[in-house]
Amino acid sequence: MSTIRINNFKVELSNLDKVLWPKQGYTKGDLINYYIDIYPLIQDFLAQRPLSLKSYPDGINGKSFFQKNAPDYAPHWLSTYGIYSRHRKEAINWITVNKLADLVWVANRASIELHSWFSTINKPDEPSFAVFDLDPGDRSRFKDVIDIALVIKKIIDEMKLIAFLKTSGKSGLHIYIPIKTGYKFTASKIFLKSIAEMVIRVKPGLATIEWRKKKRDGKVYIDYRQNGRGKTLPVPYSIRPTANATISTPLNWDELNPKLSPEKFTLANIANRLKKKGDLWSDILQIKQSLPSYLL
DNA sequence: CTGTCAT
DNA sequence: ATGACAGTCCGGTCC
DNA sequence: GGACCG
Ligand SMILES: [Mn+2]
Ligand SMILES: [Mn+2]
């Protein structure tokens with residue numbers, strides 16, 4: 001056990017040498033260092049947004065669990081926010097990351113994945129973006145996901161909206177359309193569903209919005225249902241529990257060519273990529289777009 | 001933070 | 001008595 | 001209540 005001081009908050013670090021990614025030999029210490037380094041880039045996707053962390057105390061091949069509620073033994077300075085849960089019939093004390101010490105405490109729990117709300121605690125029903133989560137079914141290839149993403153991009157372009165792209169870190173893609181506050185999740189969901197239906201009209205053999213897995217036929221699931229209070233996706237630059245420690249990596253749209261493979265974006269090369277390309281998502285939360293009223 | 005184990 | 005080390009643990013929505 | 005999502 002070692003104690004470090006971050007802006008006067010004492011954070012206890014444990015098991016820093018425990019290997020979490022056996023193939024690469026990356027340890028919990030490496031995980032914590034990565035999140036410290038990347039904090040400036042993910043800050044705005046964490047601050048004031050309730051967090052679901054996914055923890056892998058025994059590494060990526062061991063048991064994992066989601067955690068939302070701050071445990072009693074968390075340090076008093078940890079940022080939390082109580083929101084009444086209908087499910088639990090009492091408030092959940094949501095963990096949030098509002099400062100670096102919060103993030104380091106979170107990372108020390110072997111929290112490989114960081115998932116945050118699309119909305120903030122002040123306006124929990126008003127998302128900052130409308131999000132497509134493209135999930136390939138078992139009969140889809142990554143090039144099908146790319147195909148669908150490009151159709152979505154074309155529609156979004158013609159609506160004169162700006163959309164941001166990232167890998168999920170596994171086998172899918174995420175498309176974020178930043179919007180001005182004031183729209184409820186119900187509105188963004190209708191907007192996204194309308195576009196998804198247009199895409200399916202263009203690519204009926206490739207994409208689906210069926211909720212029942214059995215009915216999806218192995219196609220690419222255009223998941224717009226993730227747009228809701230309390231629902232999450234991994235934040236950009238979240239590391240993932242894959243053999244090579246892939247990272248949910250922001251991409252330029254012109255990188256979507258058939259040769260692209262998402263498993264190439266990893267902890268080993270993220271620093272180099274950032275040096276070359278910069279942070280492609282740095283502006284996203286400054287962009288406040290209106291949704292086309294004719295779709296709502 | 002709390003509990004256990006080794007010194 | 002002191003310190004190293006380990007444990008860590010789901011809710012919301014759609015149908 | 002169960003499926004499905006992260
Ligand atoms: Mn996905
Ligand atoms: Mn999904």
Side-chain angles (χ1 to χ4, degrees), chain A residues 1-3 9-18 20 28-29 31-32 45 49-59 62-78 80-95 104-119 124-125 127 131-138 166-174 176 184-186 188-190 192-193 196 208-216 220-236 238-241 248:
Chain A
M1 179 79 82
S2 64
T3 304
F9 301 105
K10 264 168 58 183
V11 192
E12 309 282 347
L13 302 179
S14 54
N15 279 326
L16 294 177
D17 296 328
K18 187 178 232 175
L20 300 183
K28 188 146 76 79
L31 174 71
I32 294 169
F45 300 94
R49 298 174 191 275
L51 183 74
S52 282
L53 55 86
K54 201 170 181 196
S55 190
Y56 294 75
D58 298 314
K63 277 206 184 69
S64 63
F65 54 86
F66 280 98
Q67 183 172 11
K68 298 147 194 255
N69 214 359
D72 322 329
Y73 53 78
H76 67 278
W77 48 256
L78 183 74
T80 61
Y81 191 79
I83 298 177
Y84 180 80
S85 156
R86 183 169 253 191
H87 201 261
R88 200 180 267 220
K89 294 194 166 137
E90 59 181 343
I92 290 183
N93 219 8
W94 287 84
I95 299 167
V104 173
W105 182 84
V106 163
N108 182 57
R109 335 200 77 222
S111 304
I112 290 177
E113 297 190 357
L114 306 179
H115 305 238
S116 68
W117 287 24
F118 301 164
S119 56
D125 292 306
V131 176
F132 285 111
D133 168 25
L134 303 182
D135 296 327
D138 49 21
K166 67 181 176 81
T167 64
S168 71
K170 291 197 168 168
S171 51
L173 289 172
H174 295 157
Y176 282 49
K184 301 269 203 267
F185 278 115
T186 45
S188 64
K189 215 177 317 193
I190 286 169
L192 293 159
K193 187 182 183 192
T208 177
I209 54 169
E210 287 289 345
W211 186 71
R212 298 262 162 193
K213 241 177 163 173
K214 301 254 183 207
K215 290 192 170 181
R216 285 187 205 154
V220 177
Y221 177 42
I222 305 176
D223 185 357
Y224 63 87
R225 282 175 252 250
Q226 213 51 34
N227 293 264
R229 179 188 172 131
K231 304 239 185 188
T232 61
L233 282 185
V235 298
S238 176
I239 198 162
R240 307 298 308 265
S248 178

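So you know, we letter chains A, B, ... as the sequences are listed, proteins then strands, and number each from 1. Scope of the values below: all heavy atoms of this structure, side chains included, with no hydrogens, waters or symmetry mates. Quantities reported herein were computed from a predicted structural model and do not represent experimental measurements.
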- Item | Integer-rounded Å distance: B:dT2 P and A:Glu12 CD | 12 Å

- salt bridge (charged side-chain N to carboxylate O under 4.0 Å, His left out) filter on A:Lys170, not counting sequence neighbours, yields none

- Over how many whole Å does the gap from A:Asp72 atom CG to C:dG7 atom C1' extend? 13 Å

- Under a cut-off of 3.5 Å for both distances of each Watson-Crick or G-U pair, what dot-bracket string does DNA chain C give, using [ ] for crossing pairs and | for inter-strand pairs? |||||||..||||.|

- Task: Using the test side chain to side chain donor-acceptor pair (under 3.5 Å), find all partners of A:Asp133 that sit at least two apart in sequence or belong to another chain.
- Result: A:His174

Listing time: all N or O pairs from protein to nucleotides 4-7 of chain B that are below 3.5 Å?
none

- Query: Nearest of C:dT13, C:dG11, C:dC10 to any side-chain atom of A:Ile92?
  - Reply: C:dG11

- Note on the structure: Residues at least two apart in sequence or cross-chain that pass salt bridge (charged side-chain N to carboxylate O under 4.0 Å, His left out) with A:Arg240, listed by chain then number, are A:Glu113

- B:dG3 to C:dC9 separation - P atoms, rounded to the nearest Å: 14 Å

- Residues in salt bridge (charged side-chain N to carboxylate O under 4.0 Å, His left out) with A:Lys18, at least two apart? A:Asp58

- Under 4.0 angstrom between A:Tyr73 side-chain N/O and C:dC9 OP1 or OP2: yes

- Item | A:Tyr84 OH to C:dG11 P, straight-line distance once rounded to whole Å | 13 Å

- Message: In this structure, how many angstroms lie between the P atom of C:dG12 and the CH2 atom of A:Trp117, rounded?
- Response: 8 Å

- Query: Which is true for A:Lys189 with a 4.0 Å heavy-atom rule: it touches a base, it touches only sugar-phosphate, or it touches nothing?
  - Reply: sugar-phosphate

- Query: Residues two or more places apart in sequence or in another chain: which of them pass side chain to side chain contact (heavy atoms under 4.5 Å, CB included) with A:Lys213?
  - Reply: A:Arg216

- What is the distance from CG of A:Leu13 to P of C:dA6, rounded to the nearest Å? 14 Å

- Roughly how far apart, to the nearest Å, are C:dA6 and D:dG6 at atom C1'? 28 Å

- Query: Is a donor-acceptor contact shorter than 3.5 angstrom present between the side chain of A:Arg225 and the base of C:dT13?
  - Reply: no

- Task: Can you sort out the partners of A:Ser248 under side chain to side chain donor-acceptor pair (under 3.5 Å), two or more places apart, ordered by chain and number?
- Result: A:Lys166

- Go through the structure and list residues passing side chain to side chain donor-acceptor pair (under 3.5 Å) with A:Ser116, not counting sequence neighbours. none

- Query: Quantified in whole Å, what is the C1' atom distance between nucleotide B:dT4 and nucleotide C:dT8?
  - Reply: 16 Å

- Who are the side chain to side chain donor-acceptor pair (under 3.5 Å) partners of A:Tyr221, not counting sequence neighbours? A:Arg225

- Message: Does this structure show an ion pair linking A:Asp125 with A:Lys184, if we count only N-O contacts that are shorter than 4.0 Å?
- Response: no

- Separation between the C1' atoms of D:dG1 and C:dG11, rounded to whole Å: 15 Å

- Relative to the ring of A:Phe66, is the ring of A:His115 parallel (under 30°), tilted (30 to 60°) or perpendicular (over 60°)? perpendicular

- Message: If the condition is ring pair (Phe, Tyr, Trp, His ring centres under 6.0 Å), which residues does A:Trp117 pass it with, not counting sequence neighbours?
- Response: A:Trp94

- Item | Nearest-Å distance for atom pair CG/C1', residues A:Asn15 and C:dA4 | 10 Å

- Would a 4.5 Å heavy-atom cut-off, applied to side chains only, mark A:Ile83 and A:Pro50 as touching? yes

- Task: May I have the distance from A:Trp77 (atom CH2) to B:dC1 (atom P), rounded to whole angstrom?
- Result: 11 Å

- Where along nucleotides 1-6 of chain D does protein come under 4.0 Å, by heavy atom, of base (B) or sugar-phosphate alone (S), with - for untouched nucleotides? -BBSSB

- Query: How long is the line joining CG of A:Asn93 and P of C:dC9, in whole Å?
  - Reply: 13 Å

